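Notes follow the structure.
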Amino acid sequence: MKSPVRTRFAPSPTGYLHIGGARTALFNVLFTLQHKGEFLLRIEDTDLERSSEVYTQNILEALNWLGLDYYGETIAHQSKRIEIYREYALRLFEEGKAYRCYCSQEELEAARKAQMKARKPPKYPGTCRDGRSERELGGAPYALRFKTPKEGETTFEDIVKGPARFANEELEDFVLLRSDGSPTYNLCVVVDDYEMGITHVVRGDDHFVNTSKQVLLYGALGLATPKFAHVPMILGADRQRLSKRHGATSVQAYKETGYFPQALVNYLARLGWSHGDQEVFSFEELVQKFRLEDVGKSPAVFNPQKLLWLNHVYMKSIPVQEIAGRLLPFMKERGIEADNGPELWGRIDTLRERSKTLVEMADWIGFYYAQNVEYEPRASERYLRPEILSALEALKENLQQIEKLDEEAAKRAFSGVLEAYGLSLGELAQPARVALTGGTVSPGIFEVIAAMGKSRALKRLQEAIAFIRAKGSGPLD
RNA sequence: GUCCCCAUCGUCUAGACGGCCCAGGACACAGGCCUUUCAAGCCUGAAACGGGGGUUCGAAUCCCCCUGGGGACGCCA
């Protein structure tokens with residue numbers, strides 16, 4: 001049985017997959033999954049100059065990372081279908097719905113400038129619309145232009161923007177085939193969307209105006225139009241269309257800076273779409289609740305801080321095993337080798353509340369693995385002092401006695417010392433923290449001890465003790 | 001310049017039928033609480049219906065104008 005819904009994501013491989021493209025893909029996937037339809041991928045690589053296989057690979061990888069690779073085995077490449085588009089174009093020509101245009105780039109450019117100057121809409125003046133046979137006979141190169149009706153209007157229904165109408169008069173005779181014979185975008189999309197059986201075209205708002213031209217083409221070719229949904233653009237903080245100068249815009253950049261794909265997907269979904277007051281959605285929930293009708297009509301400003309917050313939300317709830325898997329590469333970058341096992345999991349657990357990204361976490365986690373603790377000068381100066389020496393020794397003694405050194409046990413070891421020496425927890429915790437981590441900031445001290453493991457904790461305490469002794473035995477300060 | 005679209009806190013947004021909205025949530029921000037450090041968490045606060053006309057007993061919600069923003073104007077996609 002034929003699926004009632006069939007969508008596609010059609011990026012052109014002229015750059016990395018960016019946030020906007022990712023959101024378009026996401027909306028397509030959510031809509032399709034909800035309707036148990038089919039989602040296809042089409043690479044629009046007809047611009048041989050700018051298209052690159054490298055970008056195609058990047059797009060595929062990014063979609064995979066985001067978990068949006070629901071397209072099947074077959075990926076359509078427009079560059080391999082050139083002949084098909086030409087056939088459609090030629091058919092239009094034979095039926096008198098398209099004509100040969102011999103105008104040169106210079107002529108067109110001059111005409112455009114003149115029109116702009118005259119406060120008129122810049123569009124093809126129609127020079128060749130009724131034939132220019134003298135040049136035709138000369139065998140000059142020509143482009144094939146679509147003969148746009150001069151009257152009437154073209155209408156279509158847009159699921160997010162509502163009914164749309166354009167006066168045909170405003171539309172120009174656009175090019176179908178370039179003078180080198182290659183097909184142009186508007187022709188290719190129409191032919192492909194038809195041949196691929198696309199029922200819903202969900203794409204960026206920047207294609208909204210093109211849609212009228214495409215609808216005209218569908219009509220001329222005698223094809224039924226699919227349904228359209230144009231999702232609003234994503235803007236930078238300056239309200240300009242998001243671009244490289246707004247910082248990280250590629251999906252890859254977010255992967256590299258330690259974001260979870262779940263968080264990015266969640267954030268992107270909420271940009272332009274909402275479901276009451278809900279902020280956090282699992283993918284399944286999105287599939288269940290997403291509706292194209294609920295997508296807003298106005299462009300949205302990308303807010304990196306909110307994404308960061310969401311990432312932290314996910315950091316706190318994603319299973320440690322998964323975090324470990326994603327964290328390992330970042331640790332490796334920092335020269336830390338570890339196994340994805342209980343020891344790592346325990347350490348991650350102590351860090352997740354205070355790490356917003358995997359990069360932050362990888363920076364934090366280093367102290368657990370370091371061969372030698374390096375004391376921050378100010379920290380050791382302030383906390384590793386002779387006054388605390390005996391208390392630290394006592395603490396070490398207490399810890400040594402414990403067989404299973406978990407948080408609770410560590411806490412008991414501390415209590416004993418505090419009582420014996422009349423210290424407050426802070427008075428002992430800070431020196432211990434410096435001894436174990438090298439700095440004054442870390443997860444809770446009991447957690448650190450438990451996650452670090454007994455032998456390493458004892459070793460570090462001993463080193464701190466020796467450090468204080470060495471300092472104390474020097475000349476008086 | 002021409003055409004199209006849009007318009008609620010700094011940002012993302014909630015807001016079916018106009019009264020439940022002197023406008024709710026989230027991020028960020030400020031203050032407080034908690035506290036072994038830093039975070040986190042919790043509580044509180046400041047913060048918006050762009051302006052002007054209508055329609056109506058009553059408008060953030062409907063209509064018009066202005067202003068502002070975005071998109072498109074390629075033999076790019």
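As the structure is a prediction and not an experimental result, all values here were calculated from the model.
The nucleotide B:U56 finds no pairing partner, because no Watson-Crick or G-U wobble arrangement with both distances shorter than 3.5 Å includes it. Base pairing annotation: B:C29 forms a Watson-Crick or G-U wobble pair with B:G45, both donor-acceptor distances under 3.5 Å. The partner of B:C22, taking Watson-Crick or G-U wobble pairs whose two distances both stay under 3.5 Å, does not exist in any strand shown. If you check B:A7 for Watson-Crick or wobble pairing at under 3.5 angstrom, you find it paired to B:U67. Figure legend. B:A72 is base-paired to B:U2; pairs are counted as Watson-Crick or G-U wobble with both atom distances under 3.5 Å.
Using P as the reference atom, B:A77 and B:G15 are 39 Å apart when rounded to the nearest Å. Taking atom P in both B:U61 and B:C6, one finds a spacing of 15 Å when rounded to whole Å. B:A14 and B:G24 have their C1' atoms separated by 6 Å, given to the nearest Å. B:G51 sits 15 Å from B:A7 when the P atoms are compared, rounded to a whole Å.
Between A:Phe208 and A:Phe156, a ring centre-to-centre spacing shorter than 6.0 Å is recorded.
Across all strands shown, A:Glu172 has heavy atoms under 4.0 Å from sugar-phosphate atoms exclusively, and none from any base. Residue A:Ile445 is classed as a base contact, given a heavy-atom separation below 4.0 Å to a base. Within the 4.0 angstrom heavy-atom criterion, no nucleotide atom of any strand lies near A:Gln278. Looking at heavy-atom distances under 4.0 Å, A:Pro443 makes contact with a base. Note on A:Thr440: a base of the nucleic acid sits closer than 4.0 angstrom, heavy atoms only. Counting any heavy atom pair closer than 4.0 Å across all strands shown, A:Gly272 reaches sugar-phosphate atoms only and no base atom. At a threshold of 4.0 angstrom between heavy atoms, the contacts of A:Phe174 with the nucleic acid are absent.
Residues A:His312 and A:Val441 both approach RNA chain B. Their nearest nucleotides, taken by heavy-atom distance, put A:Val441 toward the 5′ side. Of the residues near RNA chain B, A:Lys213 and A:Pro299, the one whose nearest nucleotide (by heavy atom distance) lies more toward the 5' end is A:Pro299.
One can find a donor-acceptor pair under 3.5 Å joining the base of B:G25 and the side-chain atoms of A:Glu279. Between the side chain of A:Arg119 and the base of B:U2, no donor-acceptor pair of N or O atoms lies under 3.5 Å. A donor-acceptor contact under 3.5 Å links the side chain of A:Asn210 to the base of B:A77. Donor-acceptor pairing under 3.5 Å, judged by distance alone, is present between the side chain of A:Asp277 and the base of B:G24. Counting distance only, with no hydrogens placed and no angle test, the side-chain atoms of A:Ser442 and the base atoms of B:C38 include no donor-acceptor pair under 3.5 Å. Residue A:Lys161 places no side-chain atom within donor-acceptor reach of the base of B:C5, judged by atom type and a 3.5 Å distance cut-off alone.
For A:Lys123, no side-chain nitrogen or oxygen approaches OP1 or OP2 of B:A72 to under 4.0 Å. In this structure, A:Thr46 reaches the B:A77 phosphate: one of its side-chain N or O atoms is under 4.0 Å from OP1 or OP2. Within the 4.0 Å cut-off from OP1 or OP2 of B:C73, not a single side-chain nitrogen or oxygen of A:Arg112 is found.
A cation-pi contact, defined as under 6.0 Å to the ring centre and within 45° of the axis, links A:Arg347 to A:Tyr369.
Atom CD of A:Glu293 has more than 12 neighbouring heavy atoms from other residues, nucleotides or ligands inside a 6.0 Å radius.
Ring geometry, A:Tyr254 versus A:Tyr259: the interplanar angle exceeds 60°, so the pair is classed perpendicular (tilted spans 30 to 60°). A:Tyr88 and A:Tyr194 have perpendicular rings, their planes meeting at more than 60° on a 0 to 90° scale where under 30° would count as parallel. Ring geometry for A:Tyr71 against A:Phe39 counts as tilted: the plane angle lies between 30° and 60°, on a 0 to 90° scale.
Residues from residues 47-57 of chain A placing a heavy atom under 4.0 Å of any atom in RNA chain B, listed by number, are A:Asp47, A:Arg50.
Atom pair A:His246:NE2 and B:G70:P shows a separation of 10 Å (rounding to whole Å applied).
A salt bridge links A:Arg42 with A:Asp193: at least one charged nitrogen is closer than 4.0 Å to a carboxylate oxygen.
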